[in-house]
Amino acid sequence: MERINLAPQIRASISPVEDLLREAGKIAQASGKRLFLVGGVVRDILLGRKSIDIDLTIEGDALEFASHLPLTRISSHPQFGTVKLKEGNINIDIACARSETYPHPGSLPQVRWSTMEEDLARRDFTINAMAFLLSPADFGDLLDPYQGRRDLEEGIIRVLHKQSFQDDATRILRALRYKGRFGFKFAPPTLNLVLKDRKMLHTISGDRIRREIEFWLREEEPEKIFGDAHQLGVLKEIYSELSWNEEIDLRFRKARKFKNSSLYLALLTYQLSLPQGEEFIRLLKFPRQQAKVIREIITLKESKHLESPASPYVVWEILQGYSWQAVYAFCLSQEGPASHNAKLYVEELLPKSPFLSGRELKERGVPPGPYMGKMLQRIRKARFSGEVKTPEEEKKVVEDFLRSFPPP
Ligand code: CTP
């Protein structure tokens, strides 16, 4: 096989840890072991992208090997043979080369130690099944048994074998994520497997599906992924009532400047009814904060309170307590006064905090607790209505309030 050495590319992409990788390669060699840089970081180096997460694989005991490295240990999982280390802000994961077999679809794999070649054979896509050797004499040599480099150059996502999505259906969601991120295409046989195996997503726990959706929502252009997922019938497999259309796509693009995954989640779930929202939350086991955003966007859609023009203070009264993401998603999804009111809340009322800080209010004799809450409400009302425009005027409102309604 042609020998390809990419040491210069490694240096360009991950220069802060190059010395460390060379040192690690030496330490591994001293005990007769081969050490590799693997997975996504190899793909990113070949694409000329910067990587901050480094995955290493050693043919042997990862825990024992890690004990020789001069790095801060974050955690270790002896049962999986993995260790997490840290160097500055770079995370380094070390695993032992292993092969995996899946006793039945969706189950956790059975694992045994193996060579790097066998380890690559268990991976998801050709573009993720490459490794760089880190041994001193061969530093930067590329191990690429599935022509991942060619697929990377041609922009193709391809599974290694036709059982891949059955072994682990989350790979369908990963495939869509890489397709959206890199603007790649599916190899035709891989596309057919997505269509055939998408129903296997039912073998995956809600938690794991949700984690993948969270990854989608953190991508640069999540709407591309959702659009593909809809077109390929994957979105319906995630939750039967989820759909996608050009309007939602446009709203995602309008929300881009915030780069906020809860905002995208609210835009996605705007289409659901309250019972559907509850079902979606339960199925995918959304944690409290995200569940709150989902409930809020649907509640806002179903309530009629914001549909007519209202004063800033009334808008504040209606919306206070709602997350800004739900309110802004509502703004982007509606038209007319409802949209205008929501925009007013996020862009003008929320940032208009009182001039006086909590500490300054305390110094002026406002006790913390419910009384402070009432005082803040009074101040906001005065600010939103235009009664207060300067810190001096705000101080006056505070004094008047203290005099008219003395604290208990
Ligand atoms: N992997 C896999 N099947 C999965 C998950 C992961 O084969 N279901 C392999 C792939 O080789 C992948 C590597 O494990 O490259 C690391 O996975 P992960 O950290 O999730 O992804 P990265 O490839 O690092 O990509 P990114 O974080 O950029 O999404």
With no hydrogens and no angle check, do the side chains of [X] and [Y] hold a donor and an acceptor under 3.5 Å apart?
{"X": "Tyr264", "Y": "Arg256", "result": "yes"}
{"X": "Arg123", "Y": "Asn128", "result": "no"}
{"X": "Asn91", "Y": "Lys84", "result": "no"}
{"X": "Ser164", "Y": "Arg171", "result": "yes"}

Going by heavy atoms in the side chains, are [X] and [Y] under 4.5 Å from each other?
{"X": "Val194", "Y": "Val234", "answer": "yes"}
{"X": "Pro337", "Y": "Ser308", "answer": "no"}
{"X": "Thr57", "Y": "Asp55", "answer": "no"}
{"X": "Ile248", "Y": "Tyr270", "answer": "no"}
{"X": "Leu232", "Y": "Arg198", "answer": "no"}
{"X": "Val83", "Y": "Asp93", "answer": "no"}
{"X": "Phe186", "Y": "Leu193", "answer": "no"}
{"X": "Asp168", "Y": "Met200", "answer": "no"}

Contacts of [X] that satisfy ring pair (Phe, Tyr, Trp, His ring centres under 6.0 Å) - sequence neighbours left out:
{"X": "Phe184", "answer": "Phe182"}
{"X": "Trp324", "answer": "Phe258"}
{"X": "Phe280", "answer": "Tyr239, Phe286"}

Got a second to check how far [X]'s [atom1] is from [Y]'s [atom2], nearest 0.5 Å?
{"X": "Met375", "Y": "Lys362", "atom1": "CE", "atom2": "NZ", "answer": "14.0 Å"}
{"X": "Ile238", "Y": "Leu173", "atom1": "CD1", "atom2": "CG", "answer": "5.0 Å"}
{"X": "Leu361", "Y": "Phe355", "atom1": "CG", "atom2": "CZ", "answer": "13.0 Å"}
{"X": "Arg149", "Y": "Ile4", "atom1": "CZ", "atom2": "CD1", "answer": "3.5 Å"}
{"X": "Tyr146", "Y": "Thr126", "atom1": "OH", "atom2": "OG1", "answer": "10.5 Å"}
{"X": "Ile294", "Y": "Leu274", "atom1": "CD1", "atom2": "CG", "answer": "11.5 Å"}

Does a salt bridge link [X] with [Y], judged by any charged N lying under 4.0 Å from a carboxylate O?
{"X": "Asp124", "Y": "Arg158", "result": "no"}
{"X": "Glu363", "Y": "Arg359", "result": "yes"}
{"X": "Arg210", "Y": "Glu214", "result": "yes"}
{"X": "Glu100", "Y": "Arg98", "result": "yes"}
{"X": "Glu153", "Y": "Arg150", "result": "no"}
{"X": "Arg22", "Y": "Asp19", "result": "no"}
{"X": "Arg253", "Y": "Glu246", "result": "no"}

| query | Between Leu35 and Leu21, is a side-chain contact (heavy atoms from CB on, under 4.5 Å) present by the stated rule, with each step listed? | reply | CA-CA 9 Å; Leu35 177 70; Leu21 295 183; over 6 Å; no

Could you pull out all residues at least two apart from [X] that satisfy salt bridge (charged side-chain N to carboxylate O under 4.0 Å, His left out)?
{"X": "Lys33", "result": "none"}
{"X": "Arg211", "result": "none"}
{"X": "Lys292", "result": "Glu296"}
{"X": "Glu118", "result": "Arg112"}

| field | Stepwise salt bridge (Lys or Arg N to Asp or Glu O under 4.0 Å) check, Glu278 with Arg295 | value | CA-CA 8 Å; Glu278 288 304 330; Arg295 290 187 182 113; 2.7 Å; yes

| field | Lys199 NZ: over 12 foreign heavy atoms closer than 6.0 Å | value |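 Correct, the count exceeds 12.
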
| said: Just checking His161: does its NE2 atom have more than 12 heavy atoms from other residues, nucleotides or ligands closer to it than 6.0 angstrom? | reply: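 Above 12, so yes.
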
| message | Less than 6.0 angstrom separating the ring centers of Phe226 and Phe252, yes or no? | response |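 For Phe226 and Phe252, the ring centres are under 6.0 Å apart.
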
| What do the steps show when you test Trp113 against Asp61 for side-chain contact (heavy atoms from CB on, under 4.5 Å), and what is the final call? | CA-CA 9 Å; Trp113 283 16; Asp61 186 342; 3.5 Å; yes

Which pairs would a plain distance check flag for residues 364-374, meaning a side-chain donor or acceptor within less than 3.5 Å of a matching protein atom at least two apart in sequence or in another chain?
| residue | atom | partner | partner atom | Å |
| --- | --- | --- | --- | --- |
| Tyr371 | OH | Phe405 | O | 2.6 |

Please list, chain by chain and in numerical order, all residues satisfying side chain to side chain contact (heavy atoms under 4.5 Å, CB included) with [X], sequence neighbours excluded.
{"X": "Glu220", "value": "Lys259"}
{"X": "Lys389", "value": "Glu393"}
{"X": "Arg380", "value": "Trp316, Pro354, Leu376, Phe384"}
{"X": "Glu219", "value": "Arg177, Arg181, Ile225"}

| request: Would you please test Ile90 and Lys86 for side-chain contact (heavy atoms from CB on, under 4.5 Å) and show each step? | output: CA-CA 6 Å; Ile90 297 185; Lys86 212 168 170 59; over 6 Å; no

| field | Ring-face cation contact, Tyr328 with Lys343, 6.0 Å cut, 45° max | value |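 No.
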
| Does Asn5 use its side chain to pair, donor to acceptor, with the backbone of Phe139 at less than 3.5 Å? | yes

| task | Decide yes or no on side-chain contact (heavy atoms from CB on, under 4.5 Å) for Ser273 and Glu302, but give the supporting numbers first. | result | CA-CA 8 Å; Ser273 67; Glu302 296 196 347; 4.1 Å; yes

| query | Do you know the tightest heavy-atom contact between Ala255 and Leu332? | reply |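 In this case the closest contact between Ala255 and Leu332 is CB-CD1, 3.8 Å.
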
| Which residue, Glu223, Lys236, Gln231, Gln271, forms the side chain to side chain contact (heavy atoms under 4.5 Å, CB included) with Trp244? | Glu223

